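Report on the structure given below.
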Amino acid sequence: LGLNLCSENSELEQKARHFDGFNSLYLYRRWYRCFTTLSSYSFDNGHVERKDDLSLDHFRSQYDGKGPVLLGKLADSWPARTKWSMQQLVHDYGEVTFRISQRSPKKIIMKLKDYVSYMELQHDEDPLYIFDDKFGESAPALLEDYRVPHLFQEDLFDVLDYEQRPAFRWFIIGPERSGASWHVDPGLTSAWNTLLCGRKRWALYPPGRVPGGVTVHVSAEDGDVDIETPTSLQWWLDIYPHLAEHEKPLECTQLPGETIFVPSGWWHCVLNLETTVAVTQNFVNQSNFEHVCLDMAPGHCHKGVCRAGLLAVPGKSVGDMENHPPGTITWNHNDMTSTEERLKGLGSVTASNSESQCSSFEFSDVDKSLENQVFSYDIGFLSQFLEKEKDHYTSVWSPTNPIGQREAREWLRRLWVLKPELRGLIWKGACLAINVDKWYACLEEIRACHSLPAPSEDEKLPVGTGSNPVFIVSDNVIKINAEGGLGYSAHGLGTELEFYDLLRKVGSPLINHIPEIIASGFLVYEDGVYRTVPWNGKGMPDVLAKYYPLELSYANSCFPLGLWSKQQFGMDGSAESSNRPIWPYMVTRKCKGDIFAHVRDTLSKADLLNLASSLGVQMRNIHLLPLPHGESLPEPEDNNVKDSDPPEWKQVISTLNRRKNNIKKHLANWGGTVPTVLIEKAEEYLPPDMSSLIKLVKDDDGDSVYTFPSWIHSDIMDDNILTQRAPEMGSLTDTKSTGDGDLEKLNEIHIIDFSDLSIGDPLCDLIPLHLDVFRGDIDLLREYLRSYQLPFLRGKSNNDIYKSVQSSKFSTAAYRAMCYCILHDDNVLAAIFGLWKELRNATSWEEIEHLVWDDLNRYQQSSPTLSS
């Protein structure tokens, strides 16, 4: 590699290296990286083919999914070819802020004019460079200066809205010596990169070949992939010169106007030989679709194999790094833990298929038990390493996946509907990512048992973004409860069936606003065959006792897996395996209307007010339901729960106490969502005793006053509400009557998914309503409360409760709601900071309480409400 020091630095070089009695090659190398120049690097053809005027068919047959290629003339007609010079960019966008990439989790932003000034003056060891995936938002005119080349216009992520799809395009500016260190593109996507000015040096290795000096970290807990690598310049200077010829990567120098294609799974490293401006996009097409789906699947072994080849096979070892020449930086660690695999880059790779640019490889420096095995990037080979015991609907997905579980299901569903010509391919991908073949087999057995119609082609994939597989077949909704393991899901079904039974017994009007149950039971997989066991929630089915021998206090009650058994199960808190071959299921009649999340943006403010009012009526119906009788309520093993605490509240108090005792870690787990100053003040803000939130001041006789708990839906989100517009709908603000009948004429709604039913403070249902359904709109909250017409605190004596509200902050609705947000099992604080961006600078929880929840206090203190 022809690298020369700048002549103007020669004098400085001589002065910098000489200290009496001290010499450090390490420090010298770091200094060298700050002042070396790459301007004399001569152009060479490298190993990557150069092609012009490539047809789409030729590209797909020779390069797509097979190997990299440099393409000319694709950008000749772009305005960017003349407009993206540094001088013109500073003139047009000098005041625009761009995102800066650096080897640190902390990201920075900088105005373009300031960044250019930095480039001209810097002598950083690892120079900062602009790598901005939001440039289309900060400088939308840049999007008009280029277009996606015709070879790469198929992108299967484009069925998602821009806000839903993962980051996919980047505007890149970097000075000499900057660059991208070794990596595989996110989610095993493919990429194209067009250079507008300057020169880039590329190095590439095929899939499964970890570059020397690079270590792949794969977490066995969640499949998180992290690459430990030297900087691009450091690798070229310190590692590349020591590689044998057969260990060197494919190389090329990219010139202005050229576009390089990098296939799925290929390792690549980029070094800017001079100041460069480029644009790049990642994409999913038919060639890499299955690989992208495979990489989404839970587990860690297949992720390791996709990146590190057979080095990632569990239980196999690799040779140490002793065969590397002296001076080579190995960048490996010996402190491997039981939950993380560290896969070292070493050894040679020989091509077994030169025509396809090394589509399969033979490892020579691995353990003898693997020396004759061949790695292949073929999807059939890679899918063998999926962890079969992982349930893809319920297992933790890697945080480095390009999209989350819910978004992935929505993506696959949209592809299925919008691209019917690709359904064969989409089905294969869905089998890899979400086990759709398994759940479809379950659907077929349930359908046959209950004489339901066969699904059409459109109905073969699960719908929705929930944590359980849900199919809609004709007018029927089939939900298979897989989340949380058998104990959790069985209690979810049992409690839901008990809830429906209670609605019928008391004649609640809510029955007209929830789905009608057609069938329910358990699906069992035995001897390679699925069979169904119908169950209505009453009694203990033998098949459940066989696979899950529960010791229940309520085994002889009418609903042995009902609400109180669920409370006891929650107290036990024991982790449970989710791979038992039995799943609860429920079949309901499909409700009329559209999922609110899908139609929200089409509704007027008057429509939303009608919806909020209707929700107020139906949530009142839920919260007024009597709790089932419990003869011997469970006792939590919690020393902080007092004997005097009401038994129906003890599980709630125990859970809140447990979270409070670990509150700093609980909030820190949200990954920077909560400012540090608030984390430090959380414990002080919360009550010393969590029972204070439901145990109020003494009454006139000196006895504690407790509130009544309510049924809690626990998941009132915008995807669990169906709304149907009435033929003539006015605004509730023009209506004097708030009777049920009038409201139903205004806006008919249905509430679905009661599998998370529990008991607790009715304020807990208001948190998802206000933050997710109403999106913080105070008008909708007020309309909801106007129709709700229930006090938040209800007990034997509302007069005593009213006095408590006046004298104790623990009793105020806003304070309690804020406490529940802080202690919530989900990251609801992210929603708060997203809706009220000014609160990101808040220095106290009281500020947040006041802005978000103060209206609850005004509602609570109104005497008509408290006396109702």
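Everything numeric here is computed off the predicted structure, so don't read it as measured data.
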List the steps, then state whether salt bridge (charged side-chain N to carboxylate O under 4.0 Å, His left out) holds for Lys303 with Asp295. CA-CA 6 Å; Lys303 287 177 175 286; Asp295 203 55; 3.7 Å; yes
For the pair Phe289 and Trp411, evaluate ring pair (Phe, Tyr, Trp, His ring centres under 6.0 Å) and give the outcome as yes or no after the intermediate values. CA-CA 12 Å; Phe289 174 72; Trp411 175 52; 5.5 Å; yes
Apply the test salt bridge (charged side-chain N to carboxylate O under 4.0 Å, His left out) to residues Arg531 and Glu445: give CA-CA distance (whole Å), side-chain angles for both, the deciding distance (0.1 Å), then the verdict. CA-CA 6 Å; Arg531 66 182 180 91; Glu445 173 58 28; over 6 Å; no
From CA spacing to verdict: side-chain contact (heavy atoms from CB on, under 4.5 Å), Ile752, Ile595: CA-CA 10 Å; Ile752 61 174; Ile595 294 176; 5.5 Å; no
Using the rule given for side-chain hydrogen bond (donor to acceptor under 3.5 Å, both in side chains), can you reason through Gln164 versus Arg414, listing the C-alpha separation, both sets of side-chain angles and the distance that settles it, and then say yes or no? CA-CA 12 Å; Gln164 293 176 304; Arg414 287 198 188 185; 3.2 Å; yes
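Considering only heavy atoms from C-beta on, His623 stays 4.5 Å or farther from Trp711 through its side chain. At a threshold of 4.5 Å between non-hydrogen side-chain atoms, the residues Leu625 and Phe499 count as touching. The shortest distance between side-chain heavy atoms of Pro462 and Val470 does not fall below 4.5 Å. Within the 4.5 Å cutoff, no side-chain heavy atoms of Asp756 are placed close to those of His713. Ile721 is not listed as a side-chain neighbour of His750, based on a closest heavy-atom distance of 4.5 Å or more. Proximity of Ile446 to Leu523: side-chain heavy atoms (C-beta onward) are separated by under 4.5 Å at one or more points.
Judged by distance alone, with hydrogens and angles left aside, the side-chain atoms of Ser613 form no donor-acceptor pair with the main-chain N or O of Asn610 at under 3.5 Å. When atom types are taken as modelled, the side chain of Ser508 and the backbone of Ile511 share no donor-acceptor pair closer than 3.5 angstrom. Between the side chain of Thr495 and the backbone N or O of Leu757, no donor-acceptor pair lies under 3.5 Å. Between the side chain of Arg775 and the backbone N or O of Leu771, no donor-acceptor pair lies under 3.5 Å. No donor-acceptor distance shorter than 3.5 angstrom exists from the side chain of His770 to the backbone of Leu766, with no hydrogens or angles considered. Between the side chain of Asn285 and the main chain of Asn288, a donor-acceptor pair closer than 3.5 Å is present. Remark: side-chain polar atoms of His302 are paired, donor with acceptor, to backbone N or O of Ala297 under 3.5 angstrom. With Trp416 contributing its side chain and Glu457 its backbone, the two residues share a donor-acceptor pair below 3.5 Å. Proximity of a side-chain donor or acceptor of Ser489 to a complementary backbone N or O of Pro584 within less than 3.5 Å is not detected. Judged by distance alone, with hydrogens and angles left aside, the side-chain atoms of Asp161 form no donor-acceptor pair with the main-chain N or O of Glu163 at under 3.5 Å.
Here Lys592 does not pair with Glu748 in a salt bridge; the nearest charged N to carboxylate O distance is not below 4.0 Å. Salt-bridge check for Arg413 with Asp458: failed, with every basic side-chain N at 4.0 Å or more from each acidic carboxylate O. Under a 4.0 Å N-O distance rule, the pair Arg600/Asp718 qualifies as a salt bridge. Salt bridge absent: Arg165 and Asp158 never bring a charged side-chain N and a carboxylate O closer than 4.0 Å.
Taking every heavy atom of both residues into account, Glu459 and Phe471 meet most closely at O-CD2, 3.9 Å.
Side-chain atoms of Tyr377 and Ser264 include a donor-acceptor pair closer than 3.5 Å. For the residue pair Asn481 / Asn468, no side-chain donor-acceptor distance below 3.5 Å is found, with atom types taken as modelled. Counted by atom type alone, Glu154 and Gln286 present one or more donor-acceptor pairs between their side chains at under 3.5 Å. Of the N and O atoms on the side chains of His300 and Glu387, at least one donor lies less than 3.5 Å from an acceptor on the other residue.
Phe168 and Tyr162 have perpendicular rings, their planes meeting at more than 60° on a 0 to 90° scale where under 30° would count as parallel. Classification of the Phe754-Tyr500 ring pair by plane angle, with boundaries at 30° and 60°, yields perpendicular. Phe261 and Phe152 have parallel rings, their planes meeting at less than 30° on a 0 to 90° scale where 60° marks the start of perpendicular.
Applying the side chain to side chain contact (heavy atoms under 4.5 Å, CB included) rule to Asp224 yields the partners Ser219, Asp222, Ser398, Pro399, Thr400; only residues at least two apart in sequence or on another chain are considered.
Other residues, nucleotides and ligands contribute over 12 non-hydrogen atoms within 6.0 Å of the CG atom of Asn536. Environment of NZ in Lys605: crowded, with over 12 heavy atoms of neighbouring residues, nucleotides or ligands closer than 6.0 Å.
Ring centroids of Trp535 and Phe559 are separated by 6.0 Å or more, keeping the two rings apart.
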Atom pairs and distances, side-chain donor-acceptor, residues 427-444, under 3.5 Å, sequence neighbours left out:
| from | atom 1 | to | atom 2 | distance (Å) |
| --- | --- | --- | --- | --- |
| Asn435 | OD1 | His392 | N | 3.2 |
| Lys438 | NZ | Asp391 | OD2 | 3.2 |
| Glu444 | OE1 | Arg447 | NE | 3.1 |

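Sorted pairs that involve residues 592-616 and meet ring pair (Phe, Tyr, Trp, His ring centres under 6.0 Å), not counting sequence neighbours, are lacking altogether.
Of the options Met586, His491, Glu496, a side chain to side chain contact (heavy atoms under 4.5 Å, CB included) to Ser755 is made by Glu496 and by none of the others.
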